[in-house]
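All heavy atoms count here, side chains included; hydrogens, waters and symmetry mates do not. Along the sequence shown, the residues carry numbers beginning at 1. Everything quoted here is computed from the prediction, not taken from an experiment.
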Amino acid sequence: MFEDPEGFLRDFEARITAMAQKASSLDEALEAATATAKSENGEVRIKVGAGGALQEIHLSSQASTLTPRTLAAMIKEVYDQAAIQAGDNSTRALADVFGEDSEIVSQVRANRPEV
């Protein structure tokens, strides 16, 4: 079936090792692909991870002076800023692991929501 079974096996093992290294690198890069944004006067600070996962929200004492509607709008705006930054960081992480011209990076960029 195979002309060089030992060579095939070595090649297969090398490919598996390379894939495992890429997966490990990607995990590390995506863990670091967080972003933090804050409102202009610091009332709201939000930290977002890869995929837009909310990791932390901090409201300063100044936030208590805002109306609920204003505070809600501010939280949404700051979250959106952090999510966009986290998305950019995630895309850079993918590009670092798979290359700028890889199919996965192209797909992520093509499916990014309009800002």
**Message:** Quick check: do R109 and E100 have side-chain heavy atoms less than 4.5 Å from each other?
**Reply:** yes

**Prompt:** Does Q55 reach the side chain of T34, with side-chain heavy atoms less than 4.5 Å apart?
**Reply:** yes

**Request:** Would you check if there is a donor-acceptor pair between the side chains of Q81 and Q85 at a distance under 3.5 Å?
**Result:**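 Result is no, nothing qualifies.
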
**Prompt:** Would you say the side-chain atoms of Y79 pair up with the backbone N or O of L54, donor to acceptor, closer than 3.5 Å?
**Reply:** no

**Asked** Can a salt bridge be assigned to the pair D96 and R92 using a cut-off of 4.0 Å between side-chain N and carboxylate O?
**Response** no

**Prompt:** Are R45 and E56 within salt-bridge range, i.e. N to O under 4.0 Å?
**Reply:**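 E56 and R45: salt-bridged.
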
Quick check for you: to the nearest 0.5 Å, what is the distance between [X] atom [atom1] and [Y] atom [atom2]?
X   : Y   : atom1 : atom2 : result
L59 : E43 : CG    : CD    : 10.0 Å
I46 : K76 : CD1   : NZ    : 10.0 Å
M74 : R69 : CE    : CZ    : 14.5 Å
D11 : I16 : CG    : CD1   : 10.0 Å

Taking all non-hydrogen atoms of both residues into account, name the closest pair between [X] and [Y] and its distance.
X    : Y    : result
V105 : G99  : CG2-O, 3.6 Å
A82  : A35  : O-CB, 3.4 Å
L94  : V108 : CD1-CG2, 3.7 Å
G49  : A86  : O-CB, 3.6 Å

**Message:** Exactly one of T70, V44, D80 should register a side chain to side chain contact (heavy atoms under 4.5 Å, CB included) with I75. Which one does?
**Reply:** V44

